[in-house]
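Predicted, not measured: the structure shown is a model, and the values here were computed from it. Protein chains get the first letters and strands the later ones, always in sequence-line order, with residue 1 at the start of each.
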Amino acid sequence: MAQSTDSNSVMSRRLPCDSDGVCMVCKTKPTTVTDSLTCNTCITPWHLPCLPESDRPPTLSDAHNWCCPDCAAPTTVTQPLPPPSSDDPSSHLMASIRAIQDDDSLTDQQKAKKRMDIMLASSNISHNSNNPSSSSSSSVPPAFDIFDGTLNCSICMQLPERPVTTPCGHNFCLKCFQKCFSQGNRKCANCRGAIPPKMVSNPRINSQLAIAIRLAKMARSGCAVPGGVPKVYHFIHNQDRPDTAFTTERAKKTGLANACSGKIFVTVPPDHFGPIPAENDPTRNRGVLVGETWMNRMDCRQWGAHLPHVAGIAGQSAYGAQSVALSGGYVDDEDHGEWFLYTGSGGRDLSGNKRTNKNQSFDQKFENMNEALRVSCLKGYPVRVVRSSKEKRSAYAPDEGVRYDGVYRIEKCWRKVGQQGCKVCRYLFVRCDNEPAPWTSDDHGDKPRALPKIKELKGAVDLTERKAAPSWDYDEEKGCWLWKRPPPESRKSAGTVSPVKGQIRAVKRKVKVASVKEKLLKEFACQICRKVMCNPLTTPCAHNFCKACLEGAFSGQSFIRERASQSGRSLRAQKNIMRCPSCQNDIAEYLQNPQVNRQMMGIIESLQCEAEQLSENSSESSDKNDENQKNESEVLKPCEEDDDDDNYDDNDDGNDDDSSEKVLEEIKDNDLNLPQKRRKVAKGAVVTMEEEHIDEVEQDSVKACN
DNA sequence: GGGCCCGCAGGG
DNA sequence: CCCTGCGGGCCC
């Protein structure tokens, strides 16, 4: 790699990750979420380990509001730059561009991409510096002028509207792109570079560029960005959340596939309609902003934008629907950004323990979630919309993760025969948010717009249109969307999201750990060592001991030897000594041929196994009370013993006294051996699942915890 | 990339 | 308590 020392000194200091997420300092991609830090101002990702200590946020909770060195105060920005040019931002820019040009490891395409990233970041910086505090801001020329034509659409030569960026680094309006490439053309109109077929069929909007253009426009028109910070497109890694999604002991698979939800950060009730305001965001105090993007549905859930982690519709049939997810699950969906056609849920065969199924096999009806959407349509409620990168057919879907795109109103709904031949419920969503959409360069939110003409309405049945005035509507005087009628009163706990079942279950599980351990000790403690028995022996007088402990009690006159000596004299001699350590009953005869209580051993083993799994899990979800667990596990750990129980016969033919039977019965009664239960699923298919055991004590504790 | 699997969350 | 569900991990 041939780099000039000048550029090297710049490169080796403070550089973010490039557009592929690769750190420009160490050339590696951050491997963990916590390794990556996103600037709150220019939304550029940075590799935390390559960031000088002085530039790092002091605490994890500061990470959300962290500004990168480029966006921070000029003194800190300019400090590492070469002194002669420190007052000229373009020199930093030029040095970075030179470094890219000199980097032999990059292809021309990669260079173009990186150049553009840096220019974009640079235009952000210069425009962000146009804050109200600097009076001469508009006279300061930006380091890179977004209006100089470089970023223009290669077809209409205007600043791109809903920009699509090709791998060769050229921009197009979405419309121009679609027009240009709809007839089989696959060469860039600018450089004749090849456009990947996937991009031709499914172009994606470059929302970062859209936002950069928006900011530049706002800065030029002298319109101050509220707070000086673009309130759009934050990538939330949820890295400083106090509680993450976790896997329970029941989940056989790791990761999020079968995980419980983490804490809900926002304090709106789960049936809250409309945007989530700052006052319900105690951790960040800014609310959920349009453009916020999460890694997955679980993270999205934790910020309240869309609560169900599988289902596409959140709602209640008699009350309304609060949010929907556009994830490409239904082929009939049609996305036009500001408006889209959504398909209801149901009509699918979910037998065989499936959660989703691409095939429609029966008609959808306006019931359950579909009815909830219809209620929202009739009342004119705002419905939050999230788009997922899993939606491959929409230009408006994010490249990665799940993004909050603001609120929409359902203007009408109907049923029609879908592409798969069955009737589906259909909904016309039209955007009505006060914040601009992530794909637009407009500096304002939505204005009321004429409804699009829907061709399929011709063949529609069961059409529902709102008659009354909508609850959420545009106020011409105030120039924004607001509640014209009071929002529906929450039917859930006000102020906070009610404890979700997963959290209740988590508490119950912790209680259950304690309960299992307590039971183990209570029922299966050796009466000599007071620990859970290893190779339990049960005497005729119904006392339990570890084999090793009982042997030890008669050390020097092991009953094994005694058993070998069958002489009456020897027996008599031992009789004085061979008394039960608990009750002093004569157990000499028993000791002639003691059998390990295998039933009891089985129960102990399964309980130990369960307790271990439970405590492993609870220590994962809350790494507190380690000491308690250590102490408990020490007690629970059976006493050391060699496994030479081969000395005993295996033919347990009811010789055992009935005390172990009693215990066994008791254990069974208390469900602690977790009987298997059959769970019915649709169409008669069955799967097994362990029955959850929560006894009264546990429930009391749960109540106390709440 | 498609199919299978399955814990969870929430509605009714 | 049963049913549903526009996830996500893993195997092939």
Side-chain angles (χ1 to χ4, degrees), chain A residues 198 245-262 264 269-271 294-302 306-333 335 340-360 362 364-365 367-373 375 385-394 397 401-402 424-425 427 491-492 497-506 508-509 617 677-692:
Chain A
K198 264 192 186 171
F246 58 95
T247 315
T248 64
E249 84 281 3
R250 286 182 51 166
K252 300 290 181 279
K253 294 178 186 173
T254 54
L256 287 175
N258 297 302
C260 261
S261 162
I264 309 292
D271 55 358
W294 302 277
M295 301 297 273
N296 50 53
R297 287 282 291 269
M298 273 296 193
D299 277 1
C300 169
R301 172 191 158 72
Q302 292 191 275
H306 183 68
L307 287 171
H309 70 291
V310 175
I313 305 166
Q316 304 77 34
S317 60
Y319 184 70
Q322 293 83 26
S323 58
V324 297
L326 280 159
S327 297
Y330 285 79
V331 288
D332 290 296
D333 286 2
D335 194 359
F340 60 88
L341 295 175
Y342 195 73
T343 311
S345 61
R348 292 168 162 185
D349 176 12
L350 298 180
S351 63
N353 207 13
K354 288 190 278 287
R355 302 293 174 265
T356 55
N357 181 347
K358 282 180 182 163
N359 297 321
Q360 205 72 30
F362 46 98
Q364 289 182 356
K365 289 176 188 163
E367 52 187 26
N368 301 327
M369 293 306 117
N370 296 346
E371 177 61 15
L373 282 176
V375 171
V385 171
V386 297
R387 282 183 173 82
S388 158
S389 58
K390 289 176 84 176
E391 167 60 88
K392 299 294 179 203
R393 297 167 304 133
S394 165
V402 183
V424 287
C425 297
Y427 303 86
R491 306 191 303 181
K492 308 282 170 80
V497 172
S498 58
V500 288
K501 282 182 184 173
Q503 286 168 322
I504 295 174
R505 284 171 190 155
K508 286 177 179 173
R509 243 169 256 122
N617 192 271
K677 187 185 169 189
R678 308 296 277 180
R679 175 197 176 200
K680 276 188 205 163
V681 295
K683 306 287 175 198
V686 287
V687 292
T688 61
M689 74 174 202
E690 287 173 348
E691 190 176 351
E692 186 130 350

Indicate yes or no: at least one non-hydrogen side-chain atom of L307(A) is less than 4.5 angstrom from one of I264(A).
yes
Would a distance-only check, ignoring hydrogens and angles, find a side-chain to backbone donor-acceptor pair under 3.5 Å from R297(A) to A311(A)?
yes
Mind calculating the distance between OH (Y427(A)) and P (dC6(C)) to the nearest angstrom?
12 Å
Throw together a table of side-chain donor-acceptor distances under 3.5 angstrom for residues 316-323 of chain A, partners on residues two or more places apart or in other chains.
unit_1, atom_1, unit_2, atom_2, d
Q316(A), OE1, Q322(A), NE2, 2.9
Y319(A), OH, E489(A), O, 2.7
S323(A), OG, H306(A), ND1, 2.7

May I have the distance from H306(A) (atom NE2) to dC6(C) (atom P), rounded to whole angstrom?
8 Å
Could you give the CZ-to-P distance, from F340(A) to dC6(C), as a whole number of Å?
14 Å
Distance check needed: dC8(B) P versus I264(A) CD1, whole Å only.
15 Å
With the side chain of S345(A) defined as its heavy atoms from C-beta on, choose the nearest nucleotide among dG5(C), dG11(B), dC8(B).
dG5(C)
Nearest-angstrom distance from the residue atom CG of N357(A) to P of dG2(B):
14 Å
Short side-chain N/O contact to dG10(B) OP1/OP2 from R301(A), under 4.0 Å:
yes
Please list every stem that involves DNA chain B, where a stem is a run of 3 or more consecutive Watson-Crick or G-U wobble pairs with both pairing distances under 3.5 Å.
B:1-6 with C:7-12, B:8-12 with C:1-5
Rounded to the Å, how far apart are I313(A) CD1 and dG12(B) P?
12 Å
Taking atom types as they are modelled, is there a donor-acceptor pair under 3.5 Å from the base of dC4(B) to the side chain of N353(A)?
no
Position toward the 5' end of DNA chain B (nearest nucleotide), K354(A) or A372(A):
K354(A)
Going by heavy atoms in the side chains, are V385(A) and Y342(A) under 4.5 Å from each other?
no
Taking only residues two or more places apart in sequence or in another chain, which ones pass salt bridge (Lys or Arg N to Asp or Glu O under 4.0 Å) with D335(A)?
R387(A)
If the condition is salt bridge (Lys or Arg N to Asp or Glu O under 4.0 Å), which residues does R491(A) pass it with, not counting sequence neighbours?
none
Is the number of heavy atoms from other residues, nucleotides or ligands within 6.0 Å of NZ (K365(A)) greater than 12?
no
For residues V402(A) and D299(A), determine if any side-chain heavy atom of one lies less than 4.5 Å from a side-chain heavy atom of the other.
no
Could you state the CG-P distance from N370(A) to dG11(B), rounded to the nearest angstrom?
15 Å
Please state how far atom CG in N359(A) lies from atom C1' in dG5(C), giving the value in whole angstrom units.
16 Å
By the 4.0 Å heavy-atom rule, please label A314(A) as base, sugar-phosphate, or nothing.
nothing
Side chains of E371(A) and V375(A), heavy atoms from C-beta outward: is any pair under 4.5 Å?
yes
F340(A): partners by ring-ring contact (aromatic ring centres under 6.0 Å, His included), with sequence neighbours left out
Y408(A), F429(A)
Determine whether a donor-acceptor pair (N or O, by modelled atom type, separation under 3.5 Å) exists between the side chain of N359(A) and the backbone of R348(A).
no
My understanding is that only residues two or more places apart in sequence, or in another chain, count here; which of them pass side chain to side chain contact (heavy atoms under 4.5 Å, CB included) with D332(A)?
T343(A), K416(A), Q419(A), V424(A), R426(A)
Contact list for DNA chain C against residues 316-328 of chain A - heavy-atom distance below 4.0 Å:
A325(A), L326(A), S327(A), G328(A)
Using a cut-off of strictly less than 4.0 Å, decide whether R348(A) has a side-chain nitrogen or oxygen near OP1 or OP2 of dG5(C).
no
Is there any protein nitrogen or oxygen under 3.5 Å from a nitrogen or oxygen in nucleotides 8-12 of chain C, and what are the pairs?
unit_1, atom_1, unit_2, atom_2, d
dG8(C), OP1, R297(A), N, 2.7
dG9(C), N2, K253(A), NZ, 3.4

Are K358(A) and dC4(B) close enough that a side-chain N or O sits under 4.0 Å from OP1 or OP2?
no
